[in-house]
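For ligands, and for the atoms within them, numbers begin at 1 and follow the listed sequence.
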Amino acid sequence: MDTARGRAAWLEAGAGWPVILLHAFPLSADMWRPQLARVPEGWRFIAPDLRGFGQSRFLPPDGGTEITIDGYAADVLSLMDGLELDNAVIGGLSMGGYVSFAMFREAPSRFTAMILADTRPQADTPQARVGRARLRDVLAKEGPRGVADQMLPKLLAEAGRREGHDALREARAMIEVAEPAAIDAAIGAMIGRPDSTLLLPRISCPTLVVVGEYDEITPAAEAEAMQRAIPRSTLTVIPGAGHLSNLEQPEAFSHALGDFLLAHL
Ligand code: MLT
């Protein structure tokens with residue numbers, strides 16, 4: 001679909017009240033396929049590809065230097081306009097959570113509820129920025145495959161890392177087909193994102209915080225602290241999962257999401 005901000009791509013399933021699910025870095029809307037296969041009755045799940053990822057191969061001609069988390073948020077708000085959705089349950093996993101915070105800052109009234117999975121409100125620390133610079137080097141030298149080699153051990157819990165595990169295979173496939181320019185642009189966007197800690201007490205809609213028990217990137221203790229700061233929120237820890245909790249334990253994640261939708265909306 002052509003939106004005010006360019007061509008948008010997304011996956012969707014179900015019919016009814018809209019739920020927008022935003023993907024992690026450097027994956028794509030495909031990571032939500034397990035949830036799209038289990039949409040509860042009465043709901044419509046919409047998983048956009050963020051700019052440059054998946055089917056949304058639409059980067060600015062300058063090589064992506066203008067990509068920001070606020071820009072991804074504006075893209076998703078434009079997609080909502082194109083789909084004629086005034087509001088929705090909006091959320092995402094990790095980088096998708098960063099985009100959700102940016103959308104809430106810009107347009108809180110478009111949220112009927114929020115989902116924050118394996119994410120954090122803080123901006124990057126100086127140490128995290130050093131790690132991102134290293135990842136950019138790996139990308140320049142070895143391409144997306146090198147990025148997958150470096151990131152997968154941190155993205156998945158031990159069980160998910162086993163050769164042949166669906167989550168490992170699926171996450172690797174998504175990373176390896178990502179456009180290098182999109183990966184590089186997203187790294188820049190994450191480095192530049194603002195701190196959202198002060199936003200947390202202002203998130204007035206029902207909010208589900210989800211975290212994998214063994215998440216090494218955004219650990220459960222941090223998710224607990226985030227949940228305590230959001231007034232109308234609940235926390236679900238997904239047993240046995242790492243950072244990509246929805247891919248590693250799809251049934252448990254879908255259950256948590258379904259229960260939340262049923263209880264709060
Ligand atoms: C993600 O899963 O989106 C990334 O790990 C987020 C990050 O690197 O901050």
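In this structure, the side chain of D49 engages the main chain of A29 through a donor-acceptor pair within 3.5 Å. Of the possible polar contacts, none joining the R161 side chain to the L155 backbone as a donor-acceptor pair under 3.5 Å is found.
The aromatic rings of W32 and F253 lie tilted to each other, with the angle between the two planes from 30° to 60°.
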Distance-only check: which donor-acceptor pairs under 3.5 Å involve side-chain atoms of residues 130-141, not counting sequence neighbours?
residue : atom : partner : partner atom : Å
R132    : NE   : D124    : OD2          : 2.6
R132    : NH2  : D124    : OD1          : 3.0
R132    : NH2  : D124    : OD2          : 3.4
R136    : NE   : D184    : OD1          : 2.9
R136    : NH2  : D184    : O            : 3.1

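In this structure, R145 places its CZ atom where only 12 or fewer heavy-atom neighbours from other residues, nucleotides or ligands lie under 6.0 Å away.
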Tabulated below should be the N or O atoms of ligand 1 paired with protein N or O atoms at under 3.5 Å; can you produce that?
residue  : atom  : partner : partner atom : Å
ligand 1 : 2 (O) : S94     : OG           : 2.9
ligand 1 : 2 (O) : H243    : NE2          : 2.8
ligand 1 : 3 (O) : F25     : N            : 2.7
ligand 1 : 3 (O) : S94     : OG           : 3.0
ligand 1 : 3 (O) : M95     : N            : 2.9
ligand 1 : 8 (O) : R132    : NH1          : 2.8
ligand 1 : 9 (O) : Y98     : OH           : 2.5
ligand 1 : 9 (O) : R132    : NH2          : 2.8

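For the pair E216 and K154, the salt-bridge criterion is not met [side-chain N within less than 4.0 Å of a carboxylate O].
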